[in-house]
Amino acid sequence: MSHLAQDDPLRGPYANFRTVPQESVLNLYLHGHAPDPEAEGEGYIFPFSSNLSQREALRKGLTHRISVIDGPPGTGKTQTILNLVANIIRYPGKSVGIVSSNNAAVENVRDKLAKEGFGHVVADLRRTDLRRDFFEQQHAKNRAMQRCAGASPVAMPDAGGISELDTRLQRLQVVARELAVKRQELDAYRLEQRHFGRHVAKHDLAPLPALALLQGPSSRILEFLAETASIPANEAPLRRLFRKIRSRFRYGSTRAIDHGDTDVVMRLQAAYYDIKIAELDKQIEQAAIHLAENDFAALEDELRHVSQESLKASLYRRYAGVRPQDYTDNSYLRQFTSFTNSYPVVLSTCHSLRRSVHNGYLFDYLIIDEASQVDLLAAGLALSCARNVIVVGDLQQLQHIADLGAAKRASPAPAPSYDYGRHNILSSIIERFGADVPRTMLREHYRCDPAIIDFCNRKFYGGQLVPYTKSEPEGTALAVVRTAPGNHMRQHLGGGRTNQREADVIAKEVLERFCSGTRHEDIGVVTPYRRQVDKVADALLNTIQADTVHKFQGREKEIIIMSTVLDETRDGNSGVDFVDSPQLVNVAVSRAIKRFVLVTNHDMLPASRHLRDLVHFIHYQDPDDGVFESGVLSVFDLLYKEYSAALQPLAARLQTTSTFASENIMWTVLLDIIAEEPFKDLAVAPQVLLGNLLPDLSRLTAKQATFVRNRASVDFMVYNRITNRPVLAIEVDGFAFHEADQTQKARDHLKDEICRTHGIQLLRLPTTGSGEPHLIRQRLSAATALPNGRYQKVGLLGLEPRTLGL
C-alpha cells in the first residue's frame, strides 16, 4: 500500500490486510470466474411491493454470487434493496451488510425499514460517532422491540398461497407495464402528430376521397405506401396485372387517388396518425379495464401484507426464546455471531465495514448501493467481508473521482478491469465478468414527468425505461430560458466560474414565471460550479436550496432550475468539457419531478453536445412556439419506424433486382454504424419523402417543386434520435439505374439541388464504389461535429479529454 498517501483512511485497513478469505466474494472477483447459479429458494416475499424488473433483479441477486442491478433515476432501487434484505433475513442466521458511497442512500434503507416496523433488525455502524450513538441510544429501544417480536407469535402464511398470489399479480403487472408503454407511445404519437399537422397545414392538401383503405388498421396504410413506393418503372404487364388484383383484394379500390403524388402520400400519412392514435386509445382503455376488473391495486396490497406477515413470522422465529443481550461499542465484536442474530442488517461504509465486524466474519450478502461512486480500493475491503455481493448503481450518473495521485503511484493493473484510475467497482465487475455476470436494469420509472424522463431515456438509457407517471394537464414540464445577448460569465483567479446574469434571471424571472404556487422547499437550483451556488444563494435570499449537480445526486425536487454559467467567450467554451458531461446532464435533468428549467446563455451553448440536444429536445416538445421555422423539418420518427417495418418484408420479396439488394446491404451497414459509440445518438429511416422534410416548396423552382410532388424521396435519412433533427441523407446509386441512365441522372441532379437549397447534407454512394462504411463514418463525424472543429470523445467516466477533429 505504498502508493496510498500517509493520511489516506484506507492505509490502516490495508496495512492489516494479510490474506484474502478463501470463501469471500473478493477472492472470486480477483480470480475473475463467475460460478454457476445456485438453486432458487422456496419462494420470495415482497413486503415492500415490487414490479417485474425488481423481481427479476431480486431473483438473480439471490441465486448468484455476484450480480449487478442497474438502477436509473426513479426506478425504485431502495425498494429492491429492501425486498432483498427481507428475503435474506427471513432465514435464521443469515446476515447482510449494506454499504454505499454516501450516507443518504444507506439512511434511506434504514429509515424505510423503521417506518414499516422493522427498524430493530438494523445496526448502524457507519462511523465512530454513529456507532457510539447507536449503542448508547438506539440499542435499548431495539432490545425492547426484539423482546416483543420474540414474545408475540405470528402465524407463518402458507408459502403456496403467497406463490399463487404472486403469480396472479405478475400476470397483471405484465398488463400494467403494457399499459404504461402504450401511454408512453400515445404521448409520443400525439406530439409527432402536432408536428406533422403544422407541416401539412402549410401545403394546403386536398382531402382524401372515401377509401376502404382508411377503414382498416393503421398498419394497412403503411403497407400500401410501402408497396406503391416499390413499383419498378419498367414493370412487366403481367406482373402489373397481378399486383393490381392483389391490391384490390388487400386495400379495396384506390383508383381515385394517385399513389405517386406526394400530397396524396402525406394525406395518407395524416390518416395513419389518426387511426394509430385511436388504436392506442382503445388498447389503453382495454388494459385499464382489465386491471380494474381484476383488482390490481388490491392484489398488490394483499401480496405486500402477507409478505410482511411472513417476514414478521420469520423474525419471531429468530428472536423467540433468545434473551436480547446488552451489547456495547466495546463488547459487540467479542459476541459478533449472536450480535448478527440480533442485528442481521449491518449498515456501514466500504472503508469501515472490515473494522466493524469480527476478524474473519463473512456476511452472507453484501449490497453496495451507488456503486458507480465506489472506488476499487474501498470496495475491496467490503468485498473481503461477504460471500456474495449485489452491486447496485448506474453508470449513466456521476461517478467517483479517482485519486489521481494514488493511481499514478500504483503498480500497473494486472488486467484492464482492475485499473483504479479508470474504474469504479460497478464498471470493473461489468468489464471483468462481461456477459457472465447476471445484470438487470430496473425499467419501471416512478419519479419524473414523462417528458422529463423521456429525454434521459432516449439520450442515456436506450429507450428501455417505462414511465408510470402522468403529465400535468396544463403544465410545462421542460423549458429553456435564455439570458440577454452578451457574455456574462466570469472566471475567477482562484478557480471556478460564475454568471451573475443567470443568477438574477433565476431570482427575478424564472421563479415568477415557472415556480408560482410551488413551495420554496420543493424547488432546487443546480449548477456545475460551487462559486455559482453562492451567487444563486445570494440572489435568492430565501429557503430555496441551491447546490452543485454533484451534491444533488440522489435528491429530487418538484422543480429543478439549472444554471449552466458558460457563455461564448474563449474561457466559456473551455468549460464546456466539464459542464457538458453526459452524466452531469443526466443527473441534473432527472432530479426534477414536475418541471425542469434550463437557464443558459443567449446562444444556448452551440459548442456543447448533450446540452445542445437537451435544448433541441425541449424545443421539440413545444412545436407551436415558432421555433422550428427552418430550412428542414425534424424527421417523423414514429411514422418512419413503422414504415420501415412495413418495407423490410417487401424488400426481401423484391431482392431479384440489384437496386433492392444494394439498399438492403446499405441498411445493414448503417444499422451497424449507428450502433457504434460515437454515433449512438443517431437513428436511420429508409425512403424518407422530401416532402416530409421541407417546410414548404416556396424556395424551389417550378421544376424542383414538381419533382418533390412526384413522391421524391431519399434512400436513407440518418437523424438524431433525441431531437429528430436530420443529420445526413444517403443515396445508393446503382450504375445501370443512375450512372448509365440520363433521365435518372437528371432526377439525381434535381434532388442534389433541392438538398443544397434547404441545407440537407447528402452523400451519394455508387454500388460500383468501395469503402462505403469509412465514407459514412467520415460524413457522420463531420455532420455531428461541434463548432470550431471540436469532437467529443466520452469515455466510461465521461472524463476523457475531447480531441480535435479533422
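Keep in mind it's a predicted model, so treat the numbers as computed, not measured. Only this structure's heavy atoms are used, side chains among them; waters, hydrogens and symmetry mates stay out.
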What's the verdict on side-chain contact (heavy atoms from CB on, under 4.5 Å) for N51 and R55, showing C-alpha distance, side-chain angles and the deciding distance? CA-CA 6 Å; N51 57 42; R55 179 182 280 99; over 6 Å; no

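- A donor-acceptor pair under 3.5 Å links the side-chain atoms of N388 to the main chain of D364, judged by distance alone.
- Between atom CZ of residue F460 and atom CD of residue Q397 there is a gap of 10.5 Å, rounded to the nearest 0.5 Å.
- Here F363 and Y361 bring their ring centres to under 6.0 angstrom of each other.
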Can V585 and F455 be said to form a side-chain contact (heavy atoms from CB on, under 4.5 Å), step by step? CA-CA 10 Å; V585 174; F455 170 75; 4.1 Å; yes

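- Looking at T440 and V68, their side chains never come closer than 4.5 Å, going by heavy atoms from C-beta outward.
- The side-chain heavy atoms of T564 and V599, taken from C-beta on, include no pair separated by under 4.5 Å.
- Atom CG in L125 sits 9.5 Å away from atom CG in L130 (nearest 0.5 Å).
- Residues K77 and E370 are paired through a salt bridge, judged by an N-O separation under 4.0 Å between the basic side chain and the carboxylate.
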Ring pair (Phe, Tyr, Trp, His ring centres under 6.0 Å) for F578 and Y529? Distances and angles first, verdict last. CA-CA 10 Å; F578 173 63; Y529 296 104; 5.5 Å; yes

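- Other residues, nucleotides and ligands contribute more than 12 heavy atoms inside 6.0 Å of the NZ atom of K60.
- Closest approach of A588 and V549 over heavy atoms only: N-CG1, 3.9 Å.
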For a side chain to side chain donor-acceptor pair (under 3.5 Å) check, start with the C-alpha distance between E444 and S53, then their side-chain angles and the critical distance, and finish with the verdict. CA-CA 7 Å; E444 293 87 344; S53 55; 2.3 Å; yes

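- Aromatic ring pairs are classed by plane angle as parallel below 30°, tilted from 30° to 60° and perpendicular above 60°; the pair F339 and F135 is tilted.
- Screening V597, L598, L614 for a side-chain contact (heavy atoms from CB on, under 4.5 Å) with M562, the sole residue that qualifies is L598.
- Distance check, rounded to the nearest 0.5 Å: CG of D394 to CG of N586 gives 6.5 Å.
- With 3.5 Å as the limit, one finds a donor-acceptor pair spanning the side chains of E116 and Q308.
- Heavy-atom contacts from other residues, nucleotides or ligands closer than 6.0 Å to CZ of R513 number 12 or fewer.
- Put simply, the side chain of T600 reaches to within 4.5 Å of the side chain of V480, judged on heavy atoms.
- Under the 30°/60° scheme for interplanar angles, the aromatic rings of Y420 and H400 are found to stand perpendicular.
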CA sep, side-chain torsions, deciding dist, call: S417, E431, side chain to side chain donor-acceptor pair (under 3.5 Å): CA-CA 6 Å; S417 57; E431 181 170 320; 5.2 Å; no

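- Under the 30°/60° scheme for interplanar angles, the aromatic rings of Y29 and Y418 are found to stand perpendicular.
- When only modelled atom types and interatomic distance are considered, Q79 and N83 share no side-chain donor-acceptor pair under 3.5 Å.
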Checking I69 against T80 for the side-chain contact (heavy atoms from CB on, under 4.5 Å) test, could you report, in this order, the C-alpha distance in whole Å, the side-chain angles of both residues, the deciding distance, and whether it holds? CA-CA 9 Å; I69 299 176; T80 308; 4.0 Å; yes

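- The shortest side-chain heavy-atom distance between T723 and Y620 does not fall under the 4.5 Å cut-off.
- A ring-centre distance under 6.0 Å is found for Y343 and F134.
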Could you check L84 against V96 for side-chain contact (heavy atoms from CB on, under 4.5 Å), going step by step and ending with a plain yes or no? CA-CA 9 Å; L84 282 164; V96 55; over 6 Å; no

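- When side chains are defined from C-beta on, Q173 counts as touching E300, because their heavy atoms get closer than 4.5 Å.
- At a cut-off of 3.5 Å, with distance as the only test, a side-chain donor of T498 or H492 sits close to an acceptor on the other residue.
- None of V615, V576, D613, D577 except one satisfies the side-chain contact (heavy atoms from CB on, under 4.5 Å) rule with S608; the exception is V576.
- Between L442 and Q54, some side-chain heavy-atom pair lies under the 4.5 Å cut-off.
- Judged by distance alone, the side chains of N424 and Q399 do bring a donor and an acceptor atom under 3.5 Å apart.
- To the nearest 0.5 angstrom, N542 atom CG is 8.0 Å from I523 atom CD1.
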